[in-house]
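Only this structure's heavy atoms are used, side chains among them; waters, hydrogens and symmetry mates stay out. Letters A, B, ... are given to chains in the order of the sequence lines, protein chains preceding strands, and every chain is numbered from 1.
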There are 2 protein chains.
Amino acid sequence: MERNTRQRSAIRDAIAQADRPLLPQEVLDAAQREVPGLGIATVYRNLKLLVEEGALQAVNLPGENTRFELMGHQHHHHFQCRQCQRVFDVHACPGDLSRLAPKGFTVEDHDLTLYGRCSDCVPARPGRAHAASAEQDRSAMRAHKQKHR
Amino acid sequence: MERNTRQRSAIRDAIAQADRPLLPQEVLDAAQREVPGLGIATVYRNLKLLVEEGALQAVNLPGENTRFELMGHQHHHHFQCRQCQRVFDVHACPGDLSRLAPKGFTVEDHDLTLYGRCSDCVPARPGRAHAASAEQDRSAMRAHKQKHR
DNA sequence: GTAGCTGCAAATTCTTTGCAGTTGT
DNA sequence: ACAACTGCAAAGAATTTGCAGCTAC
């Protein structure tokens with residue numbers, strides 16, 4: 001039977017209150033505000049558990065680590081901002097794409113990722129970057145991007 | 001100045017002779033037939049080098065490790081078979097998708113991945129899987145999938 | 001001759017797992 | 001009580017890097 005621990009609630013809340021898919025490290029940062037001693041292993045264990053029980057959904061973008069969001073919206077896609085690296089939901093879909101596949105191939109599903117600038121990072125001025133949430137997230141991403149350098 | 005080593009040629013050839021994007025480990029396996037002592041670090045170093053010089057193209061699919069293919073076809077997409085896990089090029093594109101983005105967002109590009117069955121793994125009979133190349137690749141993928149278990 | 005390259009081993013990053021102690025029910 | 005859970009540290013997998021020796025040019 002599954003228990004209701006402070007840690008699990010904090011993790012679920014962190015994701016529920018975010019308006020976009022979060023990285024495990026971002027979940028940890030957010031959840032630690034409520035449970036300071038929280039460890040990253042517990043975050044990973046709970047993310048896996050919550051996905052299995054259908055509460056969360058894993059979001060995989062090309063070349064990115066897995067993010068997590070609330071299960072809910074069925075089929076949808078994602079948009080990644082090339083400036084702040086954040087990922088947003090896109091509740092639209094191009095529809096049936098089976099016509100694109102090679103002959104003899106059967107298409108069952110598809111993944112689509114759009115790239116560009118989010119509304120906080122307008123393309124006009126590259127040096128802008130003021131919106132609080134965007135700036136906050138950029139630092140998280142900077143830390144994240146240090147991998148393999 | 002860049003040199004022309006046996007190792008680099010073997011790596012480039014391995015990718016040139018494949019009909020689909022290869023994982024670094026698959027490149028190593030193929031290139032070692034020509035240069036037995038070849039190490040994985042050399043493969044990674046050359047893949048990065050060849051991408052930078054424009055000879056190769058990195059192929060990132062959601063939740064998959066980076067694969068590599070010859071640069072050539074500009075904008076194209078990919079198809080992954082859910083049975084044999086192999087990835088194939090799709091030389092078609094749904095076209096402009098900016099209409100799908102939220103208001104205030106600017107779309108500059110997109111990535112599309114189709115999922116289903118390739119012509120070697122017909123959906124009719126799940127227990128089939130005979131084609132030699134498919135079987136060969138499946139074992140490579142099995143080894144690959146051992147990660148994090 | 002020497003700068004670029006290679007193989008090996010060690011380091012890094014992300015994720016998972018073993019274990020001993022803690023806690024929800 | 002006791003099984004589920006947690007934090008920590010160690011293990012694993014993919015990728016990168018330091019280094020001493022090799023090799024193309």
A.B. asks: Is there a side-chain contact between V59(B) and E64(B) (heavy atoms, below 4.5 Å)?
C.D. replies: no
A.B. asks: Cut-off 3.5 Å, no hydrogens considered: what does the side-chain donor-acceptor table look like for residues 9-18 of chain A, sequence neighbours left out?
C.D. replies:
residue	atom	partner	partner atom	Å
S9(A)	OG	N4(A)	OD1	3.2
S9(A)	OG	T5(A)	O	3.2

A.B. asks: Could you check R45(A) against I40(A) and say which one's nearest nucleotide on DNA chain C is further toward the 5' end?
C.D. replies: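 First, find each residue's nearest nucleotide; the 5'-ward one identifies I40(A).
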A.B. asks: Please give, in whole Å, the distance from dG4(C) P to N46(B) CG?
C.D. replies: 15 Å
A.B. asks: Using atom CG of L38(A) as one end and atom P of dC5(D) as the other, report the distance to the nearest whole Å.
C.D. replies: 15 Å
A.B. asks: How close do P21(A) and E26(A) get, counting heavy atoms only, and between which atoms?
C.D. replies: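 Where P21(A) meets E26(A) most closely, the heavy atoms are O-OE1, 4.2 Å.
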A.B. asks: Please determine whether a side-chain nitrogen of the Lys or Arg among R82(B) and E108(A) lies less than 4.0 Å from a carboxylate oxygen of the Asp or Glu.
C.D. replies: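 E108(A) and R82(B): salt-bridged.
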A.B. asks: Could you check whether any side-chain N or O of H76(B) sits under 3.5 Å from a backbone N or O of Q74(B), counting only pairs where one atom can act as donor and the other as acceptor?
C.D. replies: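 Judged by distance alone, yes, a pair lies under 3.5 Å.
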A.B. asks: Please determine, for the side chain of A41(A), which listed nucleotide (dA9(D), dT16(D), dT6(C)) has the closest atom?
C.D. replies: dA9(D)
A.B. asks: Between dT13(C) atom C1' and N65(A) atom CG, what is the distance in whole Å?
C.D. replies: 9 Å
A.B. asks: If you compare every side-chain N and O of Q7(B) against the phosphate oxygens of dG7(C) (OP1, OP2), does one of them come in below 4.0 Å?
C.D. replies: yes
A.B. asks: Can a donor-acceptor pair be found, under 3.5 Å and without considering hydrogens, that links the side chain of H77(A) to the backbone of L112(A)?
C.D. replies: yes
A.B. asks: Mark up nucleotides 20-25 of chain D, 5' to 3', with B wherever a protein heavy atom is under 4.0 angstrom from a base atom, S wherever such an atom reaches only the sugar-phosphate, and - elsewhere.
C.D. replies: ---BBS
A.B. asks: When the distance from CG of L61(A) to C1' of dC14(C) is rounded to whole Å, what number comes out?
C.D. replies: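 After rounding, the reported distance stands at 16 Å.
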A.B. asks: Take atom CD of E52(B) and atom P of dG4(C), then tell me their distance rounded to the nearest Å.
C.D. replies: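 Distance check: E52(B) CD to dG4(C) P gives 14 Å.
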A.B. asks: Calculate the interatomic distance between I11(A) atom CD1 and dA4(D) atom C1'; express it in whole Å.
C.D. replies: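 Computing the I11(A):CD1 to dA4(D):C1' distance gives 15 Å.
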A.B. asks: Starting at atom CD of Q25(B), determine the distance to atom P of dA13(D), rounded to an integer number of angstrom.
C.D. replies: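 In whole Å, dA13(D) P and Q25(B) CD are 12 Å from each other.
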A.B. asks: Considering non-hydrogen atoms only, spot the tightest contact between Q25(A) and I40(A) and give its length.
C.D. replies: OE1-CD1, 4.3 Å
A.B. asks: State whether the distance check finds a donor on one side and an acceptor on the other, under 3.5 Å, for side chain R8(B) versus base dG4(C).
C.D. replies: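 Flag unset: no donor-acceptor pair detected.
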A.B. asks: Take the protein atom CG of L49(A) and the nucleotide atom P of dT17(C), then report the distance between them rounded to whole Å.
C.D. replies: 13 Å
A.B. asks: With nearest nucleotide decided by heavy atoms, which residue, P24(B) or G39(A), maps closer to the 5′ end of DNA chain D?
C.D. replies: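 Nearest-nucleotide comparison on DNA chain D picks G39(A).
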